[in-house]
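Along the sequence shown, residues are numbered consecutively beginning with 1. Numbering of ligands and ligand atoms starts at 1, following listing order.
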Amino acid sequence: MKRFSILTLLLTLFLSLGACDEERTMSERGFRLPDGNATAGRETFLYMHCNQCHTIEGEELPPIPGFDPFVELGGTVTRVKTYGELVTAIINPSHKLANGYAKEVVSEDGKSKMYVYNGFMTVQELIDIVMFLQPHYEVVPPEFQYRVYP
Ligand code: HEC
């Protein structure tokens with residue numbers, strides 16, 4: 001029994017060290033893209049037809065005939081949409097699906113319905129779009145429902 005638990009301990013230690021190592025080498029620490037240009041970002045957003053599926057809170061976007069946007073970007077969120085989250089939402093859309101939508105509306109087989117632009121979107125276009133989108137998010141504190149006991 002004792003031998004078994006030492007073995008388990010060693011194995012757990014080994015596995016957790018492995019996980020730490022992966023965390024360290026795959027960490028986003030130190031990651032920083034240069035600032036983009038919001039005006040250019042708006043143009044890129046339209047040029048890439050992001051408005052085929054998206055509206056943006058507080059922004060008048062020309063409609064694309066035949067398409068009905070179904071995911072709104074910007075608006076009130078209960079926690080900060082960070083730069084990193086926005087970049088990730090664009091270049092790795094299935095990593096974390098947008099909140100507030102039924103899964104079947106925004107995804108198929110667990111994958112986001114959003115196109116993957118990585119093959120032809122330049123880094124400049126990406127940072128411009130993010131610069132354009134970020135100010136459209138307004139952070140509001142989450143509303144808590146307190147249960148009142150009689
Ligand atoms: C074919 C439809 C479609 C197109 C075109 C599209 N998206 Fe999306 N996008 C989605 C869907 C569906 C979601 C929600 C699921 C998810 O989070 O990936 C989404 C989510 C997002 C989110 C995260 C929203 C949140 O609140 O978490 C961002 C940011 C975004 N898209 C940006 C873009 C940009 C920028 C473009 C153009 C380069 C684009 N999208 C083009 C369908 C699309």
Asks: Nearest protein heavy-atom contact for atom 25 (C) of ligand 1: which residue, which atom, what distance?
Replies: Ala98 CB, 3.5 Å
Asks: Using heavy atoms and a threshold below 4.0 Å, how should the contact between Val106 and ligand 1 be classified: side chain, backbone, both, or neither?
Replies: both
Asks: Among protein heavy atoms, which sits nearest to atom 27 (O) of ligand 1, and what does the distance come to when rounded to 0.1 Å?
Replies: Lys81 NZ, 3.2 Å
Asks: Quick one, Glu138 and Glu57 - any side-chain contact, counting heavy atoms below 4.5 Å?
Replies: no
Asks: Apply side chain to side chain contact (heavy atoms under 4.5 Å, CB included) to Met114 and Val71, showing your working.
Replies: CA-CA 10 Å; Met114 181 160 151; Val71 174; over 6 Å; no
Asks: Side chains of Glu125 and Tyr47 only: does a donor on one sit below 3.5 Å from an acceptor on the other?
Replies: no
Asks: Looking only at heavy atoms of Met121, does any of them come nearer than 4.0 Å to an atom of ligand 1?
Replies: yes
Asks: Take the angle between the ring planes of Phe132 and Phe45 and call it parallel below 30°, perpendicular above 60°, tilted in between.
Replies: perpendicular
Asks: How far does CG of Leu61 sit from CG of Leu46, to the nearest 0.5 angstrom?
Replies: 6.0 Å
Asks: Among all protein heavy atoms in this structure, tell me which lies nearest to atom 5 (C) of ligand 1, with the distance rounded to 0.1 Å.
Replies: Tyr117 OH, 3.2 Å
Asks: Mind checking the NE2-CZ spacing from His49 to Phe67? Nearest 0.5 Å is all I need.
Replies: 8.5 Å
Asks: Atom 35 (C) of ligand 1: which protein heavy atom is closest, and how many Å away?
Replies: Ile129 CG2, 3.5 Å
Asks: Is there a heavy atom in Tyr101 that sits closer than 4.0 Å to ligand 1?
Replies: no
Asks: How about atom 8 (Fe) of ligand 1, which protein N, O or S atoms come within less than 2.8 Å?
Replies: His54 NE2, Met114 SD
Asks: Taking 4.0 angstrom as the limit and counting only heavy atoms of Phe70, give me the atoms of ligand 1 inside it, by number and element.
Replies: 12 (C)
Asks: Please determine whether side chain to side chain contact (heavy atoms under 4.5 Å, CB included) holds for the pair Tyr83 and Ile127, giving the CA-CA distance in whole Å, both sets of side-chain angles, and the decisive distance to 0.1 Å.
Replies: CA-CA 9 Å; Tyr83 189 86; Ile127 61 181; 3.7 Å; yes
Asks: Can you check whether Leu86's main-chain N or O pairs, donor with acceptor, with Lys81's side chain at less than 3.5 Å?
Replies: no
Asks: Just to verify, what does Gln134 make a side-chain hydrogen bond (donor to acceptor under 3.5 Å, both in side chains) with, not counting sequence neighbours?
Replies: none
Asks: Under the rule for side-chain hydrogen bond (donor to acceptor under 3.5 Å, both in side chains), what residues qualify as partners of Thr76, not counting sequence neighbours?
Replies: none
Asks: Lys96 heavy atoms, cut-off 4.0 Å: which ligand 1 atoms fall inside?
Replies: 17 (O)
Asks: Could I get the full list of side-chain contact (heavy atoms from CB on, under 4.5 Å) partners for Ala40, not counting sequence neighbours?
Replies: Asn37, Asp128
Asks: Can you figure out which of Leu46, Ile56, Leu86 has its heavy atom closest to atom 29 (C) of ligand 1?
Replies: Leu86
